[in-house]
Protein chains: 6
Amino acid sequence: MIQNLFEVHEEVERRVERVPTGIIDDLIMGGIPKGSVVLLIGDPKSGKTTFISQFIHTQLTMGYSAIGILVDISRYEFVSNALDFGWDFMPYLEENFFVLDAYTQRLRGTPRFSFDEAVVTDITDTTQLIDAIKDVTLKILSEKNPPMITGVISSLTPIFFETDKKQIYKFLEDLKELAHRNKQVWLLEMNSGIEEPHVEMMVKAIVDGIIEMRLIEENMTLRRYLRVYGMRRTKHVLSWVPYEITESGIRLQV
Amino acid sequence: MIQNLFEVHEEVERRVERVPTGIIDDLIMGGIPKGSVVLLIGDPKSGKTTFISQFIHTQLTMGYSAIGILVDISRYEFVSNALDFGWDFMPYLEENFFVLDAYTQRLRGTPRFSFDEAVVTDITDTTQLIDAIKDVTLKILSEKNPPMITGVISSLTPIFFETDKKQIYKFLEDLKELAHRNKQVWLLEMNSGIEEPHVEMMVKAIVDGIIEMRLIEENMTLRRYLRVYGMRRTKHVLSWVPYEITESGIRLQV
Amino acid sequence: MIQNLFEVHEEVERRVERVPTGIIDDLIMGGIPKGSVVLLIGDPKSGKTTFISQFIHTQLTMGYSAIGILVDISRYEFVSNALDFGWDFMPYLEENFFVLDAYTQRLRGTPRFSFDEAVVTDITDTTQLIDAIKDVTLKILSEKNPPMITGVISSLTPIFFETDKKQIYKFLEDLKELAHRNKQVWLLEMNSGIEEPHVEMMVKAIVDGIIEMRLIEENMTLRRYLRVYGMRRTKHVLSWVPYEITESGIRLQV
Amino acid sequence: MIQNLFEVHEEVERRVERVPTGIIDDLIMGGIPKGSVVLLIGDPKSGKTTFISQFIHTQLTMGYSAIGILVDISRYEFVSNALDFGWDFMPYLEENFFVLDAYTQRLRGTPRFSFDEAVVTDITDTTQLIDAIKDVTLKILSEKNPPMITGVISSLTPIFFETDKKQIYKFLEDLKELAHRNKQVWLLEMNSGIEEPHVEMMVKAIVDGIIEMRLIEENMTLRRYLRVYGMRRTKHVLSWVPYEITESGIRLQV
Amino acid sequence: MIQNLFEVHEEVERRVERVPTGIIDDLIMGGIPKGSVVLLIGDPKSGKTTFISQFIHTQLTMGYSAIGILVDISRYEFVSNALDFGWDFMPYLEENFFVLDAYTQRLRGTPRFSFDEAVVTDITDTTQLIDAIKDVTLKILSEKNPPMITGVISSLTPIFFETDKKQIYKFLEDLKELAHRNKQVWLLEMNSGIEEPHVEMMVKAIVDGIIEMRLIEENMTLRRYLRVYGMRRTKHVLSWVPYEITESGIRLQV
Amino acid sequence: MIQNLFEVHEEVERRVERVPTGIIDDLIMGGIPKGSVVLLIGDPKSGKTTFISQFIHTQLTMGYSAIGILVDISRYEFVSNALDFGWDFMPYLEENFFVLDAYTQRLRGTPRFSFDEAVVTDITDTTQLIDAIKDVTLKILSEKNPPMITGVISSLTPIFFETDKKQIYKFLEDLKELAHRNKQVWLLEMNSGIEEPHVEMMVKAIVDGIIEMRLIEENMTLRRYLRVYGMRRTKHVLSWVPYEITESGIRLQV
């Protein structure tokens, strides 16, 4: 199984399998195609972290494994916030939800990981980061035989601070390569408006899918809208869909 | 009690407690969640300092302690301005309103603090500033047993002058870490339009809540509007709400 | 009296006294609060110099003293222009209108001041400039016992040419400190659109009040409008008010 | 035959022969003129790769040879994606569809080409790239006697990362020279909004034709539109034409 | 007479004398106030050179002397163009129209002036230029006793190429000083849109008057409009006034 | 005859002679004034090259001589393209149409000129270019006695790549000087949007005339429009005029 990680599946992929998100599946033929890197880009406070928690919870309850690279939120807070919506990650931690708490590590200087092997001393060193992701993937594959591994990065923002355009491109291509080869689904959170427009466009050009979350002002009031801008090998709705953040998470208003 | 300051509350936070603001509580389920850093961003002359004074006055009359980091207003003037609205801070000074008059210190070269320990020789040295904030917190905790500590920074503008994007991010993350761990509420004042747009977006992305104050021109006349753009773990109104600055402070016109 | 200049009025200011402008008093509760730095920002040719002359003339006829820092207009021209409106400053010169003709000094290389002590060799050296202003203030206080000292800077533009953002901030804070402590009113003229937008925003954020003068195009014709954007401790009209420049100065059309 | 590659056809070209695209031929008099470099520029996720696959499939089924320079997609994925639309490239690989998988080469460090000669060690070295293209052309000409050779570059984006304006211009001129002399049709994919506007304008100025693909928002919904902005020696429709991506590829809605 | 050039007229100017322009006098109380620097700013091809020729012709026929600093047009062409409108400058050359043909000098390397003394080796050396202007003024005053000297610079554009903001400011202040002291009227031609906006704003802030010439598109057609944006000590029309360029020059359509 | 080239025609030009364009003569009093440099600026694919070919064909059929500086199109292609419209340049080559094929020279490294003397080793060396233009002019004058010499540069874009603002200005002034002195008409092609706006404005300010060609979007369709923005000593239509590119060239739709 493990040696497949770096082996090239040269046989052509004829069938598209999908991973349900628990949120937008009605918009995208039931789920995200396996082997996809999807950008989740949106305004501050639009609910991106809630989307990610809801997505992971959906994976875990299906018996899938999940990797969480937490860059600007601590594991403690990520887990606490999820509880507001009734999603309890605690039973899954150390089991099949593998969290790399890069946030706490960055702030306190001491690594506190769910798995000992993965140490990322500098989050802006994208080579190190991609290696850590590969290591976790290998570790999961060597210990378990999961039907599916999904991953999230929350968020890309601090990673991109001292990283130039070309390095960002390389990192995303490497992650895409990994995801495609291992049929993983990765969800990458990104704040809109912090990076320069051409960097945002570049990231959008590389990824396999784009989900946008916005707070749009209508008659002096903000309304929440979500859109699937694009999704590889998926026929999807192209409209802005209003949504609410309810006690049980994001609910589309269709 | 004190050792808790740096101890990690790893148990999950299940309940949201709130601190009333005295101004916008009807919009945000009664108050700001304990353990929040909230950005108060707005146009010049929109009444940000009045908002902050009114907020602190509300805390003090509830018996809470407050920390005031004054960066571009002197303690003398801050106290005088508040009197216009009938808020007398003098009985609270040296008692449970702890002011770090960084303004006077900067301008006159001599430190004049409410407490001797805190000396900030360079306001743009954000490491020093975060240390001073920690020291004051420790001092309050060691001498009193306050039900709640809130803090304000008025304003971030001079702090950001010679500070690069990455340092600003680190400072805000450190403050957020402190606030979250000690269940403090911090209100950070910032002038809109002075920092570059992507820096404003970054600050908005990090904080737990955003309150906007604007002077919007309608038919050749300015009108004051306030909006809660986002607030962690809080269902809130998303509209611009008009307000007036009356003799007793900010009053929403709802 | 003199030692008060640098002594801190730590007692709280409970009452707001106002200085009439002779122009916009109906809009601002009768005048500008004593102890204020007010920005007069506007389009070229909107009548900013006329506003300043009219303001000074109002002060002088009330028996107040005035300091005029002329940076981009000579004393000769300033006095001549005022005569067009019937305001004769000549009897007041050397008496209680103290002019620092930095314009002539800059252009001709020889200092020609109303008072010998004040020499500003480089107008962009804001430390020197603030010292000169303090010296003049001291001189007036030592020789006279004026009920009120007001000041104008006409204009900030050449001062800001080689001055970085942080220095400008420091200069304005120092001037504000001086004005607040000595209950002076300072009117600072600034051309809109020459400085970068964030510098304009920063100046607006520091000052105690903002008066805007604009030439707005309506149906292919320019019309003059004035607005009080903000004024510390003052309830004021927030509308654009049309005005004309008549033979007796600026007259609001309300 | 081979020596013609670099020989100048000084006799004047009097007739325009066209290559059908299988997509937009009704808009452009039946096809792209032989000897053209055409820019395919568009929004992310607008279907540029699908356009290119459909174009190549059309060439191959007509018995033409095709060169594919894959820069940001692997050969494996390119072939897989095409299968979704029923286009099976596998029988043509190694026969008359010559793929330079610069993507895999870049990411894995090992060259994996359909032909051994072409090695591009650095994709941003445009001189090397143009040489590789010439080599492939020569190879095809020496081994076969194809009625027509077309080429695609998918996409220009990573090539332009470290390449300055002047080098880009030179590369495009060289490619145009090659295409014109050998009557090849080249389709160049480019993401809009990543390069600076003046670079986009420059590329548009050099190429012989421009096809634009956009996602335009109408009433909160994205719609796909395609336009032929210009095409050398071709009378063409100048309107935005709506299109859909169906199970059998791009279909104009005319 | 001559010594007056550098002597300060400290007595106050009580009366405004005006110089007719022959073009816009109905808009500006009969003419431009003596002792003014007026900016003539406009779109390319709006007729700025025609305005300047018409202005000079008006001066010369009144018996006034005129100085022409030609920077981007040769004397030969300036004189030829004027003939189209029936204005023959040839009788006045060497008499009371003093032309510094800096254009020919720049292009051919040899100075060809109406007066030998004035040599400007580098047009961007604004110190040298202001000295040349002073020398010509002195020469005219020493040889003649003209009722009035007016001057034009056509145009500022090449002068500003390698000149920084502060130097430009100094040059304009020096010229204004000279014009004010000697009651000269100077008309400065400038192309809009070549300098950065804040430089345009700065020039507008310094000069005593601003005349704008624009080609405004209305219903797919350009129309010519002229406006007096501001004029020192002059009550003037604030509207855009349409004009035509007829066989006898610029004619307002009022 | 030859010595006149550098001799100054100091006698004033009283009559305007015109050169017909064959395209827009109805808009400009019959033609472009002799001794003019005219900018032809427009969108990519708007038909600028067709305009230039049509202009040259008009000159040649009138018996005039023409100089073609081809910078981004080869002589071969220029001639081929023209044939589409029925304009056969071949009989004129080596006779009175003198082509400097700087394009082929640049791309192949070997100079291929119609005349041997003119070698331009670096197209961005504007001094060398202006010398080559002078040499060709001299050669034509020494061998023939043409009633008129016109010239085109197609296009300015690659020349401006490494040329700074001041050098561009100098080159255009030199060319204008040459054109004016020898009564030549030069048509300069330029792509809009590649140079920075202030460079475009500067070029527009220097030239004697401006012809604009645009593709304007109306109701989701592009339409072709042409406008004479300005023309020295010419009363011209100021409207956008629609045009079509027909089998016999550009035809205005008036």
Side-chain angles (χ1 to χ4, degrees), chain A residues 42-50 71-86 88-90 93 101 103-104 106-108 110 112 123-124 155 157-158 160-162 189-197 199-200 215-224 244-247, chain B residues 6 8-16 33 35 38-39 41 130 164-170 172-178 180-181 196-212 214 216 218 223 225 227-242:
Chain A
D43 291 329
K45 316 304 161 209
S46 58
K48 295 184 297 295
T49 306
T50 303
V71 181
D72 56 9
I73 187 168
S74 70
R75 190 177 68 149
Y76 163 64
E77 215 171 317
F78 188 80
V79 171
S80 295
N81 285 352
L83 273 180
D84 280 8
F85 300 99
D88 192 346
F89 289 145
M90 280 172 300
L93 288 170
D101 184 350
Y103 174 82
T104 302
R106 263 197 309 138
L107 264 71
R108 299 195 200 155
T110 50
R112 295 182 64 93
I123 201 70
T124 64
S155 70
T157 302
F160 285 2
F161 273 163
E162 292 190 339
E189 184 188 343
M190 185 173 176
N191 288 292
S192 56
I194 298 182
E195 301 304 319
E196 293 185 64
V199 172
E200 275 192 27
L215 292 171
I216 298 176
E217 187 165 335
E218 295 175 345
N219 300 319
M220 303 283 286
T221 299
L222 292 173
R223 287 211 58 190
R224 299 177 194 279
E244 280 193 347
I245 299 180
T246 70
E247 286 178 10
Chain B
F6 300 107
V8 186
H9 295 262
E10 283 293 341
E11 64 275 20
V12 165
E13 181 189 16
R14 291 182 181 276
R15 222 164 19 97
V16 176
V38 175
L39 177 69
I41 189 167
I130 204 77
D164 67 25
K165 199 166 137 180
K166 201 183 174 183
Q167 256 183 291
I168 292 172
Y169 196 84
K170 175 97 178 73
L172 293 173
E173 278 197 322
D174 284 341
L175 185 63
K176 199 164 91 169
E177 165 84 356
L178 186 80
H180 286 201
R181 209 176 303 171
E196 292 184 65
H198 69 270
V199 172
E200 275 193 28
M201 283 305 278
M202 190 192 68
V203 176
K204 287 178 177 173
I206 298 171
V207 294
D208 300 299
I210 302 165
I211 303 166
E212 297 172 306
R214 288 192 55 195
I216 298 175
E218 295 175 344
R223 287 212 58 190
Y225 284 100
R227 178 166 69 182
V228 180
Y229 189 89
M231 186 77 70
R232 192 172 72 100
R233 308 185 79 173
T234 303
K235 204 173 174 66
H236 59 84
V237 173
L238 282 163
S239 305
W240 284 111
V241 179

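Given the structure is predicted, the values throughout are model-derived calculations rather than measurements. Letters A, B, ... are given to chains in the order of the sequence lines, protein chains preceding strands, and every chain is numbered from 1.
A salt bridge links B/Arg227 and A/Glu217; the closest N-O separation between the charged side-chain nitrogens and carboxylate oxygens is under 4.0 Å.
A/Lys45 places a side-chain N or O within 3.5 Å of a backbone atom of B/Val207 that can act as its donor or acceptor partner.
With contacts defined as side-chain heavy-atom distances shorter than 4.5 Å, the pair A/Ile194/B/Lys165 qualifies. For the pair B/Leu238/A/Arg223, no side-chain contact is recorded, criterion being any heavy-atom separation below 4.5 Å from C-beta on. You'll find the side chain of B/His180 stays beyond 4.5 Å of the side chain of A/Tyr76, heavy atoms only.
Note that the CZ atom of B/Arg233 and the CD atom of A/Glu77 stand 8.5 Å from one another [nearest 0.5 Å]. For the atom pair OG1 (A/Thr157) and CE (B/Met202), the distance works out to 9.5 Å, reported to the nearest 0.5 Å.
Put simply, of B/Asp208, B/Val241, B/Val199, the one with the most heavy-atom pairs under 4.5 Å next to chain A is B/Asp208.
The number of heavy atoms from other shown groups lying within 6.0 Å of CD (A/Glu247) does not exceed 12.
Minimum interatomic distance between A/Pro44 and B/Tyr229 (heavy atoms only, all atoms of both residues): O-CE2, 3.2 Å. Taking each heavy atom of A/Ser192 and B/Met201 in turn, the nearest pair found is O-CE, 3.0 Å.
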| said: With side chain to side chain contact (heavy atoms under 4.5 Å, CB included) as the criterion, how do B/Arg232 and A/Asn81 come out once you've worked through the C-alpha distance, each side chain's angles and the decisive distance to 0.1 Å? | reply: CA-CA 9 Å; B/Arg232 192 172 72 100; A/Asn81 285 352; 3.4 Å; yes
| Stepwise, does the side chain to side chain contact (heavy atoms under 4.5 Å, CB included) test hold for A/Asp72 with B/Glu173? | CA-CA 8 Å; A/Asp72 56 9; B/Glu173 278 197 322; 3.9 Å; yes
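In this structure, the portion of A/Ile245 lying under 4.5 Å from any heavy atom of chain B is its backbone and not its side chain.
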